[in-house]
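A short write-up of the structure that comes next.
Worth saying up front: this structure is predicted, and the values here are computed from it rather than measured.
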Amino acid sequence: MASTYGDVTRIQTTGASAVTAGQDNLSMQGVQASNQLAETDLSRMNGYKGLITRVGRAQRMDPAVIAAIISRESRAGAPGILQDGWGDHGNAFGLMQVDRRHHTPEGRWDSEQHLTQATGILIHFIGKIQNKYPSWTKEQQFKGGIAAYNMGDGSVHSLEVDSQTTGRDYANDVVARAQYYKGMGFKERRYSFES
């Protein structure tokens with residue numbers, strides 16, 4: 001079942017760049033590296049599974065995508081990544097790293113309120129990409145929105161959505177991690193997103 005915004009399993013992805021894979025000193029890159037990074041975070045991520053699923057249901061967003069952004073942004077709250085919930089030199093907050101230069105962070109760093117706010121920001125950017133590129137497929141718009149979550153919709157100029165994202169792989173890595181998490185049970189539970 002696809003979310004309102006598209007089916008993440010149908011999005012083509014090249015996965016993590018060598019730079020991103022290097023965070024864990026991985027010798028591989030691409031989808032294999034994204035899968036390994038996501039797997040490293042899986043035990044911590046499972047602690048947030050119920051919360052992620054609730055927010056996904058309420059926001060009509062695929063829980064696997066929320067989990068993938070959490071993995072990419074904060075490694076699911078791994079020790080040493082965040083300081084009192086803050087990362088990116090004190091500019092970004094929470095599991096999904098809401099940037100305080102553009103938003104006022106809400107809730108505790110690992111709360112439902114935080115995940116709801118961050119998922120709303122993602123949805124906002126998907127809408128911006130849908131309006132900017134109405135001829136793109138739903139899945140292309142979804143991927144573009146994921147890239148915009150990282151760098152803003154002004155950085156998405158073509159279907160090569162990662163040309164200006166962190167590591168030049170943000171959307172591709174997040175999509176690959178989401179596909180991995182989908183296989184690990186982060187999926188919509190017996191309800192339809194159709195209006």
Side-chain angles (χ1 to χ4, degrees), residues 8 15-26 29 33-59 61-126 145-153 155 162 164-182 184-186:
V8 74
S17 67
V19 171
T20 299
Q23 293 172 0
D24 283 10
N25 300 313
L26 300 178
Q29 60 187 34
S34 294
N35 289 347
Q36 183 60 55
L37 291 160
E39 183 177 324
T40 298
D41 299 337
L42 183 59
S43 63
R44 286 184 305 278
M45 195 69 69
N46 279 331
Y48 299 111
K49 193 174 202 175
L51 181 65
I52 290 167
T53 301
R54 270 196 316 277
V55 171
R57 178 179 293 127
Q59 298 296 310
M61 175 57 63
D62 189 330
V65 173
I66 297 171
I69 291 174
I70 291 170
S71 176
R72 171 70 184 223
E73 291 287 351
S74 70
R75 303 304 303 273
I81 301 291
L82 304 178
Q83 297 290 332
D84 295 322
W86 292 92
D88 189 23
H89 310 289
N91 290 313
F93 183 72
L95 289 170
M96 293 178 75
Q97 291 290 276
V98 171
D99 193 322
R100 71 177 180 175
R101 293 167 291 192
H102 304 286
H103 309 278
T104 302
E106 297 174 6
R108 282 180 28 91
W109 68 274
D110 60 351
S111 67
E112 185 168 344
Q113 188 177 6
H114 162 70
L115 293 186
T116 298
Q117 179 189 25
T119 302
I121 293 167
L122 171 62
I123 291 166
H124 166 80
F125 280 121
I126 294 167
I146 292 168
Y149 180 84
N150 176 246
M151 294 297 288
D153 57 290
S155 70
D162 278 330
Q164 295 181 31
T165 63
T166 304
R168 294 181 183 238
D169 71 341
Y170 188 89
N172 278 288
D173 181 36
V174 165
V175 166
R177 292 189 203 206
Q179 291 171 351
Y180 171 86
Y181 284 125
K182 187 80 100 171
M184 294 295 114
F186 287 81

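- In this structure, the side chains of Ile121 and His103 come closer than 4.5 Å at one or more pairs of heavy atoms.
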Task: Verdict with reasoning, Val175 to Gln179, per side chain to side chain contact (heavy atoms under 4.5 Å, CB included) - done: CA-CA 6 Å; Val175 166; Gln179 291 171 351; 3.6 Å; yes
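- For Leu82, the side-chain contact (heavy atoms from CB on, under 4.5 Å) partners two or more places apart in sequence, or in a different chain, are Ser74, Gln97, Trp109.
- When all heavy atoms are compared, the tightest approach of Ala33 to Ala21 is CB-CB, 3.8 Å.
- Taking the side chain as every heavy atom from C-beta outward, Val55 and Met61 never approach each other to under 4.5 Å.
- Scanning both residues, Asp169 and Asp162, for their nearest heavy atoms gives C-OD2, 3.2 Å.
- Within the 3.5 Å criterion, the main-chain N or O of Thr166 finds a donor-acceptor partner in the side chain of Asn150.
- Side chains of Gln29 and Ser17 form no contact here, defined as non-hydrogen atoms less than 4.5 Å apart.
- Although no hydrogens or angles enter the test, the distance criterion places a donor-acceptor pair under 3.5 Å between the side chain of Ser155 and the main chain of Gly152.
- Arg108 is not listed as a side-chain neighbour of His114, based on a closest heavy-atom distance of 4.5 Å or more.
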- [ ] Report the C-alpha separation of Tyr180 and Gln36 in whole Å, then their side-chain angles, then the decisive distance to 0.1 Å, and conclude whether the side chain to side chain donor-acceptor pair (under 3.5 Å) test is met.
- [x] CA-CA 9 Å; Tyr180 171 86; Gln36 183 60 55; over 6 Å; no
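- Proximity of Phe186 to Asn46: side-chain heavy atoms (C-beta onward) are separated by under 4.5 Å at one or more points.
- Once rounded to the nearest 0.5 Å, the distance linking OG1 of Thr40 with CG of Asn35 reads 10.5 Å.
- In terms of heavy atoms, Tyr48 sits closest to Ala76 at CE1-O, 3.7 Å.
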Open item on the list: Could you walk me through whether Arg75 and Gln23 satisfy the side chain to side chain contact (heavy atoms under 4.5 Å, CB included) test, starting with their C-alpha distance in whole Å, then the side-chain angles of each, then the deciding distance to 0.1 Å, before giving a yes or no?
Closed with: CA-CA 11 Å; Arg75 303 304 303 273; Gln23 293 172 0; 3.9 Å; yes
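- The backbone N or O of Lys49 sits nowhere less than 3.5 Å from a side-chain atom of Arg54 that would complete a donor-acceptor pair.
- Atom CD1 of Ile66 and atom OG1 of Thr53 lie 8.5 Å apart (nearest 0.5 Å).
- A distance-only check finds no donor-acceptor pair linking the side chain of Gln113 to the backbone of Glu106 [under 3.5 Å].
- Across every non-hydrogen atom of Ser34 and Ala176, the tightest pair is CB-CB, 3.5 Å.
- Summarising the geometry, atom CD1 belonging to Ile81 is positioned 12.0 Å from atom CG belonging to Asp88; distances are rounded to the nearest 0.5 Å.
- For Asp153, the side-chain contact (heavy atoms from CB on, under 4.5 Å) test picks out Phe125, Lys128, Ile129, Ala148, with sequence neighbours left out.
- No donor-acceptor pair closer than 3.5 Å links the side chain of Thr20 to the backbone N or O of Gly167.
- Distance alone, capped at 3.5 Å, is enough to place a donor-acceptor pair between the Asp99 side chain and the Arg101 backbone.
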Task: Stepwise side chain to side chain contact (heavy atoms under 4.5 Å, CB included) test for Leu115 and Gln59 - done: CA-CA 10 Å; Leu115 293 186; Gln59 298 296 310; over 6 Å; no
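- Taking all atoms of both residues into account, the shortest heavy-atom contact from Met45 to Ala67 is CE-O, 3.1 Å.
- In this structure, Thr116 contributes its side chain and Glu112 its backbone to a donor-acceptor pair below 3.5 Å.
- When side chains are defined from C-beta on, Thr119 counts as touching Met96, because their heavy atoms get closer than 4.5 Å.
- Classification of Asp110 and Arg44 as a salt-bridged pair fails, no side-chain N sitting under 4.0 Å from a carboxylate O.
- The two residues Tyr170 and Ala147 come nearest to each other via the heavy atoms CD2-CA, 4.5 Å.
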Task: Steps toward salt bridge (charged side-chain N to carboxylate O under 4.0 Å, His left out) verdict (Asp41, Arg72) - done: CA-CA 9 Å; Asp41 299 337; Arg72 171 70 184 223; over 6 Å; no
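- Judged purely by atom type and a 3.5 angstrom limit, Asp24 has no side-chain atom pairing as donor or acceptor with the backbone of Leu26.
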Task: Candidate pair Ile69 and Arg177, rule side chain to side chain contact (heavy atoms under 4.5 Å, CB included), full reasoning - done: CA-CA 8 Å; Ile69 291 174; Arg177 292 189 203 206; over 6 Å; no
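- The closest donor-acceptor contact from the side chain of Tyr181 to the backbone of Ala38 lies under 3.5 Å.
- A salt bridge between Arg168 and Asp173 is absent, with no side-chain N of the basic residue lying under 4.0 Å from a carboxylate O of the acidic one.
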